[in-house]
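A quick write-up on the structure given underneath.
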Amino acid sequence: MKKEIGKYIAIFLGIVCIILAIALFYIKISSVNAQTADNDLREKIEEEISFLDSNITDVMNKINNITVIKYKVYTREINDINNSSSQSSSGSSSEESQGSSQSQSGQEGGQGGSSSSQGQEQGSSNQSSSQGQGESQTQNNSTTVSELVPDTTLENNNQETDWKEISYSVEKIYSTWPTINLDFQKQGISAEIINSFSLSMDGVIQSIKNKDKKNTLINLFNMYINIPKYASSITSDNNKLNLYNTKLNILNAYTLVSTDDNWNNAISSITSAKSYFSSIISSENNNEDKKNSLQKTYVLIEDLERIAQINDKDIFYMGYKNIMQALETM
């Protein structure tokens, strides 16, 4: 009797252990799935923040017709094999044509001096025709060269603002905002800073409608103010956060100079940008090549601080453009 009771107890305990094992397995799987989903959401939000960062700065630059290159340019030499082959083909064709002309001229020479003269003329004509074909072949295999047209900031600043292009760029942000807004809410980002972005975007649209250059730029900057706040909610990477805050202060200086000629506050903002960027340079995670690149960008920020003391907008825009290009390709 006792043996049977012990047997039942053992079976019962075995079943309990199996149930617990299955439950723990499902809990672990659920935890892993939740963590994966959380990571996926964070990566998606990081891309969305990068999208907002890039497009807002792009529209701000377009207000003053400033074009910022957002990629690094590398140069390399290539051998034009097609042209070499076509030149060789052209030379061979000419030689064959000349041989044919000489042969024909020799055959007709037996018919008299007049015929010989006609043969020479015909041979010359054939040779010219063959050479023409050779040149045509070279042209057909020519290499297409892409030419970079110089973009002068000093000249662009005097041009009219392209409101149609600006409207298109802002509509691109506006159309993606509902999706980004929902993702931010899922991540637990404060409703206050989400709504702040929405209100500023409404102000941008209204300012564009009125073709109000000053308020368009101010409202765009107010949109960008939220970017570092969004970034801080999904990453603990201080270099990224310091980079966003560096750009924020450079954009603030750009806005102050463009809208109010407020040079003193612009200089203060550039000084703050230097402070944030210094933290990136001093990071132990940067290798030697990276630090050299960062040091060059830091020099550009220092130059902009000096330029701001001259109180010349055109020169300031040149310095600003160089910094933004350096930051965009970092």
Side-chain angles (χ1 to χ4, degrees), residues 49-50 53-76 148-157 217 220-221 224-225 227-228 231-232 235 237-330:
I49 292 172
S50 179
D53 164 44
S54 177
N55 283 275
I56 293 171
T57 54
D58 184 53
V59 181
M60 292 181 73
N61 293 332
K62 286 176 179 177
I63 294 293
N64 288 305
N65 297 298
I66 296 173
T67 303
V68 173
I69 299 173
K70 298 184 180 180
Y71 51 85
K72 294 182 180 179
V73 178
Y74 299 92
T75 57
R76 64 188 179 92
L148 293 176
V149 180
D151 182 47
T152 306
T153 305
L154 291 175
E155 292 182 359
N156 289 346
N157 295 339
L217 196 53
L220 284 165
F221 175 72
Y224 194 91
I225 285 175
I227 298 298
S232 65
T235 182
D237 187 339
N238 287 327
N239 280 355
K240 279 188 178 181
L241 297 176
N242 286 325
L243 181 60
Y244 279 127
N245 280 299
T246 298
K247 292 178 73 173
L248 175 66
N249 280 279
I250 295 297
L251 289 169
N252 186 38
Y254 166 68
T255 304
L256 289 167
V257 168
S258 298
T259 58
D260 293 322
D261 289 333
N262 194 336
W263 295 98
N264 290 332
N265 286 343
I267 292 171
S268 297
S269 193
I270 297 169
T271 303
S272 296
K274 281 172 56 181
S275 178
Y276 281 112
F277 203 77
S278 294
S279 299
I280 300 175
I281 295 175
S282 61
S283 173
E284 295 180 358
N285 297 328
N286 295 320
N287 57 37
E288 198 61 32
D289 290 339
K290 181 69 172 179
K291 283 189 175 182
N292 288 335
S293 176
L294 293 171
Q295 287 286 359
K296 291 178 182 178
T297 304
Y298 185 80
V299 170
L300 292 174
I301 298 175
E302 284 188 317
D303 284 344
L304 188 66
E305 187 178 35
R306 175 183 52 80
I307 290 169
Q309 297 172 4
I310 302 174
N311 296 4
D312 187 308
K313 275 189 181 181
D314 290 334
I315 302 176
F316 178 86
Y317 289 153
M318 290 175 63
Y320 161 80
K321 176 181 177 179
N322 288 335
I323 291 174
M324 294 305 291
Q325 285 187 169
L327 294 177
E328 288 290 349
T329 55
M330 193 164 295

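Along the sequence shown, the residues carry numbers beginning at 1. Only this structure's heavy atoms are used, side chains among them; waters, hydrogens and symmetry mates stay out.
Ala266 and Val257 make their closest contact through CB-CG2, 3.7 Å (heavy atoms, listed as atom of the first residue, atom of the second, distance). Of all heavy-atom pairs between Ile69 and Glu328, the closest is O-CB, 4.4 Å. Contact record, Lys291 with Ile281: CE-O, 3.6 Å, taken as the closest heavy-atom pair. Of all heavy-atom pairs spanning Thr67 and Gln325, the tightest one is O-OE1, 3.8 Å. Nearest heavy atom pair, residue Ile270 against residue Ala308, reads CD1-CB, 4.2 Å.
Met60 places a side-chain heavy atom less than 4.5 Å from the side chain of Ile56. Two residues are said to be in side-chain contact when any heavy atoms from C-beta on lie closer than 4.5 Å; Val299 and Gln295 fail this criterion. Residues Ile66 and Met324 form no side-chain contact, since every pair of their non-hydrogen atoms from C-beta on lies 4.5 Å or further apart. With a 4.5 Å cut-off on side-chain heavy atoms, Thr235 and Leu241 count as touching.
Summarising the geometry, atom CG belonging to Asn55 is positioned 9.0 Å from atom OG belonging to Ser50; distances are rounded to the nearest 0.5 Å. To the nearest 0.5 Å, atoms CG (Leu217) and CZ (Phe221) are separated by 9.5 Å. Remark: Asn249 CG to Lys247 NZ distance equals 13.0 Å, nearest 0.5 Å. A distance of 11.5 Å separates CD1 in Ile267 from CD1 in Ile307, rounded to the nearest 0.5 Å. To the nearest 0.5 Å, atoms OG (Ser269) and CD1 (Ile250) are separated by 7.0 Å. Taking OH of Tyr244 as the start and CG of Asp53 as the end, the distance is 5.0 Å to the nearest 0.5 Å.
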*Given Ile280 and Tyr298, is the side-chain contact (heavy atoms from CB on, under 4.5 Å) satisfied, shown in steps?*
CA-CA 10 Å; Ile280 300 175; Tyr298 185 80; over 6 Å; no

_side-chain contact (heavy atoms from CB on, under 4.5 Å) between Leu327 and Thr297, worked out_ = CA-CA 8 Å; Leu327 294 177; Thr297 304; 4.0 Å; yes

*Quick one: do Lys313 and Trp263 satisfy side-chain contact (heavy atoms from CB on, under 4.5 Å)? Show the steps, please.*
CA-CA 10 Å; Lys313 275 189 181 181; Trp263 295 98; 4.1 Å; yes

*Please step through side-chain contact (heavy atoms from CB on, under 4.5 Å) for the pair Phe316 and Ile310, ending with a clear verdict.*
CA-CA 9 Å; Phe316 178 86; Ile310 302 174; over 6 Å; no

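In this structure, the side chain of Thr57 engages the main chain of Ser54 through a donor-acceptor pair within 3.5 Å. Judged by distance alone, the side chain of Asn252 and the main-chain N or O of Leu248 form no donor-acceptor pair under 3.5 Å. Looking at Ser275, its side chain never comes within 3.5 Å of a backbone N or O of Thr271 through a donor-acceptor pair. Here the side chain of Asn242 pairs a donor or acceptor atom with the backbone of Asn238 at under 3.5 angstrom. Counting only distance, with no hydrogens or angles, the side chain of Ser283 and the backbone of Ser279 share no donor-acceptor pair below 3.5 Å.
When ring centroids are compared, Tyr317 and Tyr254 come within the 6.0 Å threshold.
With sequence neighbours excluded, the residues forming a side chain to side chain donor-acceptor pair (under 3.5 Å) with Lys274 are Glu305, listed by chain and number.
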